[in-house]
Each structure stands twice: as structure tokens, then as C-alpha cells.
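One structure is given here, and the rest of the page talks about it.
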Amino acid sequence: MTAPASKVTLEQAAASETLRLAHDPNIVCVGYGLKQVRGQTTLAAALQYHVRAKLASEADIRQLGSTPVAASVEGYQTDVLPWTLARRTACPDNHRPTGNRGDNEEDPLVGGTSTAILGSFMSFPTGYGTLGGICFDTSSGAAMALSNAHVYGSDTGHDAIQPYTPVSDYVGGAVEWLACGGPLSHLFFWTAPSPLTGILTTAAAAAWVAAAASDAEDPSRWGQRTTPVPAPGVTTSREQIHLEADVPRIPFPGRYWSTSTRWDYSRVTSAGASAASVAQERPNEHVLIGKRVFTDRDVYAGGDAVRICAQIWTGAGERNPERFVVAHSFPIADPGRVVQRVLHRDVVCARIDGDLDGQRSTVCLHGFSHQVAGMAQVNFPIVAAPFVFIGEDSSVLLDPGPGNPSGVTALRLPGRPLAFACPPSTHVELKVFHCGTTIHATAISANNSTVDQADASGGGGVVQTIALSGPEIVRVVLDAGEGEGEGEGYLAEVCVDKRRIDIDRWKGVSTYYTGSFTLPLNEPDGKWAVVVVTQSLDHTPTGGDPIQAARQLGGIVDSANVVETGECACEILFDHTFDVRNDIILLR
């Protein structure tokens, strides 16, 4: 049906009729939708009048003090729909909305209780909130749950659960914290595909739940182990667990952190109740030593096959270092176009790695650019792609000349430590000079551990090199000590690369993974990024030790793919980049 040439829209007409009939005792509300004829939905738009009782005669309608509905209003057809309570036993009048939104099981379901969906990325709830109430499909009469979009999302096909697990508050807290004050307001400096940010946010919540409630031993098994076993003939009616956990400042997956937890366990039996409590620090055990990602070439053309290689470093003491490894590749100019490939163990990348090692280029920052005139001294961060500097107090630059032997514009190190984030690297070289102070450099890996330290403490007034090495260095901290004048230190150059290293120094073992995908024939020129995410696997045999099984939870992300670049600012780490240039066809 073609919409009538009306002065008002359906929505406006419905709103106007709702106000006009606000005091009608039989009309509940007015909306709009597809007109129904003999129970079948048609393709005609209509104003829908929801009534308590649908009466045939005008006399009966007026006897109720109501107003008959016209056949059309504002040029739109009308439809009168009876307001009925379907399946009253499923939604009894004597069940008021619950006031306890937690781990209570509501049967029958009523509004106000906690509910969630199970996400597709892993077997942890990825959204939760309050059940508004039960409603019914007007065409089929099927019961439906009503809640906000942030609870159930926009995708279909997910399983919904109620009650939500007792750790709901903590998962919600993690996601909210990661958003730095608001849902979906991630402050990533580099543009990244939304599926990737969603994966990392969910992975952070899952890793936190695993650390707080599952690693080493879960609260229910701990409670059963530490409380008296009921005597023969005594039956258990229920077990209850109350869990509290603090949010770590940086609860990102793949990083070393711990969370303060408290478990309260109680068992209610036919002979009485028993209880136990414990408070302890629970570390995140799902952490890699590091990873190194590369491709078999630095430049491709449309139609080429891109081979991705990932060298994954795990602890030497692990009995099975295997991981589930997925590479996410996307053009940086169009980050929503993500190509995902599962990488498999293969020694071919070890051979490629050896062939490429002598050809790898170094990424360098030679000197610093002056800022806008009139703003020579402002606070950080200074962005000098691909490096991001994080610090305070100074951005004073020193041009070449007296007191600057480097030949480039150097950055004065402030009185407090200055840090900078860099692409994942195995080697970092710094060119520094100072005036009688010691410059201390610390290399920090993606998993938030210190992997190397070195000093520049020789004679002042000359350029010195500080060399650092380690697995997946993403952050370097420079400390020039206190004082002004004679104690000043300067940074003139930063160079990084990711050559092969001997992982034995860091008590690790190396495993290579590989996979490939083909670029579209018409792929335009541009730079692509690769982000590799690894997840733990559960190799516990059926019937094995449940405590050991808890320590081998599968599906938990243990790669560190985010580095903080400010108090509440983060950057997704690009493990590797490559170029697409179609002019290379001419060079073949």
C-alpha cells in the first residue's frame, strides 16, 4: 500500500491519538505497525489501537465510556488489537518485580531479575543487565523477554540465561573500566576494526573472571573441599557462593596482574549449614612470554597470496605450548574490512625467518620536530609516529649547536621518568647525551614485565648508545634523574626492529605458526596491519584432575595486544604491517 499524502507521519499521528485518548478507559495506547486481518499480518501500514476489550457494537463501546475507532485517521488505516494477558500462569499478577538483581533464580520469570546472553567468542557472558519483563508475540503468542539493547545486543541466535552468574558485577565492571567511563567509548589512538576492540574487551573480562573465580581452583570446589562433608543420609539443598574482586588498573588479557578476591561459600543441608571464607590475591596465569609476527614479503600486489608467520614464545616449563592462533589482517585505511585466518603449526616459517633476518629494516626516529609556534613548551604526549611518548613536565627541544653534539633536534628528558610506546620489537637502540647525569633505560614487554635494562653513564657531552633487547618490547622508560642545568639528559634518536633472538635468556620456548590469504585482484595501494590473538587450549583428559583442569582453561586470550599510552588511553598493537603496491608487477 502506498503511504497517503498526509500532513503528519504515522509516528506523529500515533502520538497525537495517544494524547487524545489518554483518559479513555478501554484504549490502553496507540502505536503503529502492519495491519492484521483475521490474525494474519498484511503489508499495509496502520495506526494500531490497543484496547482492553474488542467489542463489536458501537453501543457496547460507548457503554464502557470509550470512543469507537474510526476506519481511518489522518489518511491512515486503523487496526484495533485486543490487549490480553497470554499464559497468565507464566506471569501471575501476584509476582511483583523482584528487588534483588543478582543470582536469585526467578520461577516464573519476572521483571527486575538479572539476565545475560552467552557470546559467540567464548563461553563467558558478554552482555548482562536487567530483565524488563515478559511480553508476547502478537502473531504467535510466544513468550518473549524484554530488555535493553546493551543486554541482548542486536544479533540473533544467542542463548539467554537467568540467573546471571555471581561474577556479573565484576565482568560488567571490567568492561566499563576498559571503556574509560562509558560503553563503547574506547580511546584507542590508532583506528582499529570494531570486531577487534570487541574481542579484546571481552577477552579482558574473561581473563579477569578466570583469574578471580576459576584459575587454580574455582570457588565451588574450594568450598566443597574446605567445609565438612555431610554425614551419610544428609541431603544438600543448595550451595551459595559470594565473590568479590577488585578491578586491576590494567586488566588487559595477556598481561601480568593480580586481583584481590574474597570467596564466601555456604552449604545448606537437611542437618544445618556450613560455611567458609577466604581472601587472597589471584594472578592472571594466561600470559605469553611474547610473540613476533612477520610476512614472507614486505610488499604485495593485488591478487598475491600473503603468508603470515607468528613466532609464539611460551614458558619453557609448559608441558604443551600449543595455542589457538588467529591472525586479523585489515587495510589501515579501511579497518572494518578484516580478513581472519587460523594459523597452524608449521616449520616453514622458521626457514622463512632465517632467510629474512638479514634483510629486515630498522624503524627509526631521527630527532624531533618543533611544535606549533608559541607552543614550544607544553605537556606530553608527543606523537612521532610510530612512537607515542607519554610523560609530563616538558617537551623542550634543543636544536643542533653548542651543548647538542647529536646533529639533530633532541628532546630534553624531564625530571621524572619519560616513557614511549613503540611497535612490538626485539631490539631498541637509543642515542642519548647528558650533562653529568646517568640516563637509565628500561624495556617493558607487552605482558608488562621488565625484559632488559641499561645505562648511559659515561662522559657528558657526547652521544652514547643504549641497546636493549627482549621479547615483544612495546614500552621503554627513560629516567634522567632529578635536577636541572648540569643534570639534564637528552634523547636524540630511537631505532627499533624485530630480528630473531635467543629466547632461552627469558626461559621460553618458540613455536612457529603460519597461514595465508589472497588479496583481491583489485586491491588498491595502501598499508595493511596484522594483529595476532592467541588463546589457551585445555588438554585435560576426561576424568582428569579438576584442579589441574582449572589451570588449563581453554579459550582465554593470553596474548597482549594493547599498550597504554596515557591515564585512560590505549593503543592496539599492530604486530606487523605490509604494503600493497600494484606497481611492483612491473618489476617482476
Side-chain angles (χ1 to χ4, degrees), residues 87-119 122-125 128-131 133-134 143 145 158-172 206 208-245 259-280 282 538 540-556:
R87 304 181 188 176
R88 293 180 60 90
T89 56
C91 191
D93 294 338
N94 61 350
H95 272 73
R96 299 179 58 192
T98 178
N100 186 355
R101 191 186 72 152
D103 57 351
N104 285 352
E105 181 179 345
E106 299 293 340
D107 186 10
L109 282 176
V110 292
T113 188
S114 181
T115 182
I117 62 168
L118 295 176
M122 56 186 62
S123 58
F124 283 90
Y128 85 103
T130 304
L131 174 69
I134 300 298
H158 291 303
D159 291 329
I161 59 173
Q162 192 286 319
Y164 189 43
T165 54
V167 295
S168 61
D169 291 342
Y170 316 123
V171 177
W208 186 20
V209 171
S214 301
D215 281 345
E217 187 174 16
D218 66 73
S220 60
R221 290 190 177 277
W222 171 84
Q224 294 165 0
R225 179 175 59 82
T226 57
T227 56
V229 177
V234 175
T235 58
T236 298
S237 59
R238 69 178 183 272
E239 295 173 284
Q240 292 182 325
I241 297 169
H242 178 74
L243 170 63
E244 295 180 1
T259 176
S260 299
T261 63
R262 176 185 172 87
W263 298 345
D264 296 312
Y265 171 87
S266 63
R267 182 202 297 263
V268 180
T269 72
S270 56
S274 58
S277 298
V278 65
Q280 59 183 207
R282 304 266 293 185
D538 186 358
T540 306
T542 303
D545 182 1
I547 304 302
Q548 185 61 33
R551 303 182 80 95
Q552 296 183 5
L553 279 173
I556 306 298

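- In this structure, Gln240 CD and Asp264 CG are separated by 11.0 Å, a value rounded to the nearest 0.5 Å.
- Among residues two or more places apart in sequence or in another chain, the side-chain hydrogen bond (donor to acceptor under 3.5 Å, both in side chains) test is passed with Glu239 by Gln224, Tyr265.
- Applying the side-chain hydrogen bond (donor to acceptor under 3.5 Å, both in side chains) rule to Thr259 yields the partners Trp208; only residues at least two apart in sequence or on another chain are considered.
- With sequence neighbours excluded, the residues forming a side-chain hydrogen bond (donor to acceptor under 3.5 Å, both in side chains) with Ser260 are Glu281, listed by chain and number.
- Expressed to the nearest 0.5 Å, how far OG of Ser277 lies from NE2 of His242 amounts to 9.5 Å.
- Distance check: Arg282 CZ to Thr261 OG1 gives 5.5 Å after rounding to the nearest 0.5 Å.
- The closest donor-acceptor contact from the side chain of Ser237 to the backbone of Val268 lies under 3.5 Å.
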